[in-house]
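Input: a single structure, listed below in structure tokens.
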Amino acid sequence: MNLNERIVIVGGGPGGLSAAQAYREAGGRGEVILLSAESYLPYERPPLTKEFLRGEVGRDELPMQEAAWFEENNVEPRIATTVNALDRERRVLETEDGDVPYDTCVLATGSEPIRIPVPGGEDPDILVMRTIENSERLKSRVGEGSTVVVVGSGFIGCEAAVSLSMRGARVTLVSQEEGPQKQRLGEDVARRIEGWLEGYGVDLRLGTNVEGIERRDGGFEVAVGGGETVSAGTVLFGTGVSPRTRLAREAGLEIEEGGVVTDSSMRTSAPGIFAVGDIVYAMNESAGRRQKVEHWGDALTHGRIAGTVLAGGEASWDSAPGFWSVMGEKTLKYWAWSGGWDEARFVDKDGPDGEAFTVWYGKEGVCVGVLAHNVDEDYNNGRELVEQKSPLP
Ligand SMILES: Cc1cc2nc3c(=O)[nH]c(=O)nc-3n(C[C@H](O)[C@H](O)[C@H](O)COP(=O)(O)OP(=O)(O)OC[C@H]3O[C@@H](n4cnc5c(N)ncnc54)[C@H](O)[C@@H]3O)c2cc1C
């Protein structure tokens, strides 16, 4: 291990921070600099559509580590610092404040929200959700009696719609999907989520496209399919994300399936450059193929692997990817390989609050995923079944 080595991490999300943490924990003694475009030290993103949006937790509860941790661990955070280019020949990261030389670089630039390409969709007053600022802006606009259109029935859209409804707003959720998450999780789960959203008072317009958005009377008029319009003071796009791979692409790193190609130790195609989190298309040893996932826990895992390897240890990605989604009081817990399924077995169970179910996802008879609501046993055991490519239960 080189004591004079300088590791520069680009991105202050869970992937970037956990790389720094793991490097120190594994005994790494080099210099560590963490560059982040955001104006905050690394913080928890999941509450932004949940407790933080509802005002149940404050900003002071979001940081992943206290400022003192950075000092104690000799990790230098440079916030509000955007990297404009990665120059592999000179081994520098170019920022507005000058070049930052590196010996090893970890790219952890995450994702950014997509704005759907409809007339009026580029209006900056139509909100998106990724950062503290995004969540605070939405919160400041929406309260008791406000009207909101949420576009998109992915997890961001569903979670935000429920939280806004819990804040007393009248929420309409518009989605192309015939049922929330139907394509990803199947018909039965879509119907359950639909019931939950309705139970929280969210008005659903499913299986319909947004055709355009116009400003009207200080708010917006959203044109949906069939010539109908929905008026609202606020519009939120929860219409997916795209990985921020520009730096990697321009530096000539290998990109496939929209992600930076890495091996299972998070090494990219370029010597001395690692990549972690939402941006990667990473090899997973248990799956025996690369995975593209956008989950909090997997970004932490990737960072941990990269940091350990950088400190001279050995680590590789072999766990099944997964996430939790929390819509009000309803929690879904999920493990699954990316790449879909051809069979979904829905099993209704008796749960503590009456409702509980598990869905086993299979591909060619092999268990490739599990999703559980109030059945922790299946969630906990299911991971192993997925990782071991067991037959579909
Ligand atoms: C509101 C919300 C709720 C979510 N809830 C869940 C959940 O419940 N469960 C779950 O599993 N996942 C959830 N996710 C997804 C999860 O947050 C992401 O998968 C995770 O944050 C990805 O981590 P990352 O480190 O790859 O990138 P990010 O967290 O996106 O962090 C990337 C960082 O890099 C910085 N950056 C980018 N480009 C540059 C540059 N050129 N120079 C300097 N800095 C740069 C960004 O500003 C950012 O700080 C949620 C996401 C959002 C937005």
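Here the structure is a predicted model, which is why all the values come from computation and not from measurement. Counting convention: from 1, in listed order, for ligands and their atoms alike. These values consider heavy atoms only, across backbone and side chains, with no hydrogens, waters or symmetry-generated copies. For this chain, numbers begin at 1 and follow the sequence in order.
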Review point. Between W335 and Y379, is the gap from one ring center to the other below 6.0 Å?
Key: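 Judged by ring-centre distance (under 6.0 Å), W335 and Y379 do meet the cut-off.
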
Point to revise | Identified side chain to side chain donor-acceptor pair (under 3.5 Å) counterpart of T358 within the set N374, D348, D378 | key: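 Among N374, D348, D378, the one that satisfies the side chain to side chain donor-acceptor pair (under 3.5 Å) with T358 is D378.
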
Exercise for review: Give the protein residues with at least one non-hydrogen atom closer than 4.0 Å to an atom of ligand 1, ordered by chain and number.
Suggested key: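 Within 4.0 Å of ligand 1, the protein residues are V10, G11, G12, G13, P14, G15, L35, S36, A37, E38, R45, P46, L48, T49, K50, T81, T82, V83, A108, T109, G110, S111, M129, R130, I156, R244, L247, G277, D278, E294, H295, W296, A299, F323, W324.
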
With a 3.5 Å cut-off and sequence neighbours excluded, list the donor-acceptor pairs that the side chains of residues 217-231 form with protein atoms.
| residue | atom | partner | partner atom | Å |
| --- | --- | --- | --- | --- |
| E221 | OE1 | R216 | NH1 | 3.2 |
| E228 | OE2 | R205 | NH1 | 2.4 |

Exercise for review: Among residues two or more places apart or on two chains, list those pairs meeting salt bridge (charged side-chain N to carboxylate O under 4.0 Å, His left out) that have a residue in residues 153-174.
Suggested key: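 Sorted result for residues 153-174: K50-E159.
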
Exercise for review: Please go through V366's hydrophobic cluster and name the other residues, only I, L, V, M, F, W, Y counting, with side-chain heavy atoms under 4.5 Å joining them.
Suggested key: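 Once heavy-atom contacts under 4.5 Å are chained together, V366 still belongs with nothing else.
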
Check your understanding: Does E256 CD have over 12 foreign heavy atoms under 6.0 Å away?
Key ->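 For E256, atom CD is crowded (more than 12 foreign heavy atoms under 6.0 Å).
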
